[in-house]
Amino acid sequence: MSGDDFDFDVDSFEEESDPLQASIDELNPPQAEAASHVDGPLVVFAGAGSGKTRVITYRIANLLAVHRVPPYRVLAVTFTNKAAGEMRHRLESLVGPELARDLWVGTFHATCARLLRRHHEAAGLGKSFVVYDDADQRAVMNRVYKALGIDDKRYPLRQILGRIHKEKQEGVTAAEFVPGSFVDDVVARCFHAYEAHLAQANAVDFDDLLLRVLRLLENPTSEAGEELRRKFRYVLVDEFQDVNQVQYRLVRAFAASTRNLCVVGDDDQSIYRWRGADVRIVRNFSRDFEGTKVVKLEQNYRSTANVVAAALGVIGRARDRIPKELWTQNPPGRPVHVVQTASERDEAAFVAEQVRALVRDDVSPAQIAVFYRVHAQSRVLEEVMRAERLPYQVIGGTKFFDRAEIKDLLSYLRLVDNPQSDVDLLRIINVPPRKIGATTVEKIVAEADRSGRPLTETIPAVLETNLVGSAGKKALASFVKLVDSLRARAATAPPSELARDLVAESGYRDWLLADDSAESDARLQNLEELVGSIAEYEAEIAAAGELPTLSGYLERVSLTAMTDELKDAPKISMMTVHAAKGLEFDFVFLTGMEEDTFPFRSQDPSRDDDDEEERRLAYVAITRARTQLWVTHAERRSIFGTTRYGLPSRFIADMPRAAVQHDKTEASQSSEGRFIDREGWAFGPRRDDGRPPAPKLAWSRPTPEPRQAGERFVEAEDEASSSSFGRRRSVELDPSELPEHTTPATKLLAGSIGRGTRVAHKSFGVGVVLELDEGEDPTATVRFTGWTPKRIKLRFLHVAE
DNA sequence: GAATGGCCCGGCTGC
DNA sequence: CGGGCCATTC
């Protein structure tokens, strides 16, 4: 990629720049300033909903169109791949697809991965290096523990790994690490061994992606470093409040030659301290860079005045803020609804009821979001959404790429791509079972550790010796043959084809087929889906005029944030508050607003909880809402097997009374709501503000249904049917019209239900009978759409038409 | 050597 | 509550 002599098609360009000028004129004065002040350091403090994205895109468009900067000399760092995609998309319509395509837009990790591929040699990596994720790191460390004889009980692996991670985020390498305590000696030994294993495997972890580029940049004698230092003329970083030390050093190094560095952030929205982010970096930016221009965007265009007021109430009590005042001209809108619910089920039922009402009023589900503090809270919400037939998608959490079969297939692919990757080899060497047992594997690993060579090289060597028996040798030899043939195929076939063949040739397909269960069926489908996703990738890359590669696909998989999965399908989005950063929705439900849940309190006393960060997190959550916000809290919540009785979150009390309306579900029977006053005093519900008392809400049934003795069946069913959504309407099936405790089921059913009968359950919807257990109390095993098969007594079922 | 069942432990946020 | 690990059994 050479020089500045980039040739523009000026004529076609002029036409495009007119709408650009028109749009810049629409910006308010500080926005326009931030977009057009292009030279020298600039920090933009962009309040929530202040039109930040707009400013950034116009700024870039301005650089390209007015200042004629070649696009490949502009680097824009975003927080998620999705944000990068959106930015590119917007720029396409501003400056045209050709220019937008050559911009460097991406996350720190994606950008560094791309640069490393280009400069892998200088960075000391093989061409097909792989990126090890969390699980891979643990696998490596497991092996290190075994080799060094370290006791996992005394030194929990996670803790040691976490420590190494923390050091790397500060830019500390194994060589530079100075042990300061007894435990640190263990950390140091593991650190060295861990790095050695990664190097041997031609692998990097997430931290390495950044560190290795940084090392190049900061090496004055490296040619690649010199190239990188001159590469970008303009550097722009979004969500700057969440950068860590390494990222900051990267940014500074990229911008060192020109000082054209623009950072955009909001210290009030800094929510990744636990990941090494340091708010002080954005706060001190203008001190670090002499002559920094400071712009503050303080007008909120996104939310109603009530939502803004609630958000300000929460963030106003934070310490250490850069002084700024968010304001809005928007109409007040509806008050923020704070709703007390009885339990997490009641809470979920309430959310579902409200969502249903919105959808009935023609609100697109895509404009509705449900937030929670931790993923564990999503399960109940999901169950109710499914039962209610409400279209939803969960962002993040353990999903597709965490499934065993997907990881297996990916491991095969990674091993084919990078023979040195021991973690991957170990994962699949006996999956499907091919008679290479634990003992054999241990021997090979020991030999590899002894010789310091990757397993791929060790296995053929072992075959020459008598370390393993003849049966083991035979099994190993056929495994080697398999991998070799796959690798040969990879040289010619496109990745998706390779993957498809792999499923068959590895024996994986037969292995799953042999197990004739519904589950293995689903796993096979998952594999097909993965193959499909590879094909999708190929089509996409080909459309961009590039060559799809296995490495490229694998890298995309490892770097794709879960938030990025968010499709624009008309579905309700459910996600953690962290994942919600940078997004906005018309209608937002913020759930689990109880002390200890949000603000979150860790069970682990050694972890210092950070109340300030929790507060900022709450601020982020609230400011995602455009039109209306519901804040729900439950009196009791089952979490990790125990029931917790929680007081409403302190953040609720921090919202100004005038902006908030308090309600309760009927199932919430507690005498009075208890709110923690700012001074810590409890007082009653806030009905003293001149508003009439909230109407009785109708989403919960008046009295809980009497539980009949001996009615316990499958636990989930029991809970579901006694929860408050039993009478909810649903689209395909209307349970409210089903008699609740009719006998017909049992009587009728005896004759009319059998294998394959379509039946209905008031909570699970429609399903198919897999098996019938006739007896005293006939029970059927039923598979409902979207659920794992459940055992249900016939009297709770009805024949579906 | 593989499959299955019990038990213990961790338990958040994520590139 | 659920995943991962280990011991037991086939």
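Treat the numbers as computed from the prediction; the structure is a model and nothing was measured.
No side-chain heavy atom of A/L198 sits under 4.5 Å from any side-chain heavy atom of A/V204.
In this model, the phosphate group of B/dT13 is not approached by any side-chain N or O of A/R273 to a distance below 4.0 Å at OP1 or OP2. Between B/dG14 and A/T576, a contact under 4.0 Å exists linking OP1 or OP2 to a side-chain N or O. Phosphate contact (OP1/OP2 of B/dG11, side-chain N/O of A/R158, threshold under 4.0 Å): present. At B/dC15, none of the side-chain N or O atoms of A/N244 fall inside 4.0 Å of OP1 or OP2 (strictly under the cut-off).
Using a cut-off of 4.0 Å between Lys/Arg side-chain N and Asp/Glu carboxylate O, A/E344 and A/R644 are scored as not salt-bridged. In summary, A/R650 and A/E614 do not engage in a salt bridge, as defined by a charged side-chain N under 4.0 Å from a carboxylate O.
Taking the side chain of A/T440 as heavy atoms from C-beta on, and the options B/dG1, B/dC15, B/dG14, the nearest nucleotide is B/dG1. Considering only the side chain of A/P433, B/dA3 comes nearest among B/dA3, B/dC15, B/dT13. Listed nucleotides B/dA3, B/dC15, B/dG1 differ in distance to A/N430; the shortest reach to its side chain belongs to B/dG1. When distances run from any side-chain atom of A/R275 to the nucleotides B/dT13, C/dC5, B/dC15, the shortest one goes to B/dC15. Here B/dG14 is the nucleotide among B/dA2, B/dG14, B/dC12 with the atom lying nearest to any side-chain atom of A/W274. Closest approach to the A/A579 side chain among B/dG14, B/dC12, B/dA2 is made by B/dG14 (side chain taken as heavy atoms from C-beta onward).
With hydrogens and angles ignored, a donor-acceptor pair closer than 3.5 Å exists between the side chain of A/H165 and the base of B/dG14.
In this structure, A/Q137 places its CD atom 16 Å from P of B/dG14, rounding to the nearest Å. Atom P of nucleotide B/dC15 and atom CD1 of A/I395 are separated by 12 Å, given to the nearest angstrom. When rounded to the nearest whole Å, the span between CG of A/L157 and P of B/dC8 equals 21 Å. Across the protein-nucleic acid pair, A/D205 atom CG and B/dG14 atom P stand 18 Å apart, rounded to whole Å. The interatomic distance linking A/R616 (CZ) with B/dT13 (P) rounds to 19 Å, in whole Å. In this structure, NE2 of A/H375 is placed 4 Å from P of B/dG14, rounded to the nearest angstrom.
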Stepwise salt bridge (charged side-chain N to carboxylate O under 4.0 Å, His left out) test for A/D136 and A/R414: CA-CA 12 Å; A/D136 302 324; A/R414 298 210 306 188; 2.6 Å; yes
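Heavy atoms of A/T439 sit under 4.0 angstrom from primed sugar atoms or phosphate atoms, though from no base atom. Backbone-only contact: A/Y272 has heavy atoms under 4.0 Å from sugar-phosphate atoms and none from a base.
Of the candidates A/L467, A/L455, A/T440, A/L467 is the only one forming a side-chain contact (heavy atoms from CB on, under 4.5 Å) with A/V462.
Classified by interplanar angle (parallel below 30°, tilted 30° to 60°, perpendicular above 60°), the ring pair A/F79/A/Y272 is tilted.
Going from the P atom of B/dT13 to that of C/dG4 covers 15 Å, rounded to whole Å.
Two residues, A/E614 and A/R434, neighbour DNA chain B, and the one matched to the more 5' nucleotide by heavy-atom proximity is A/R434.
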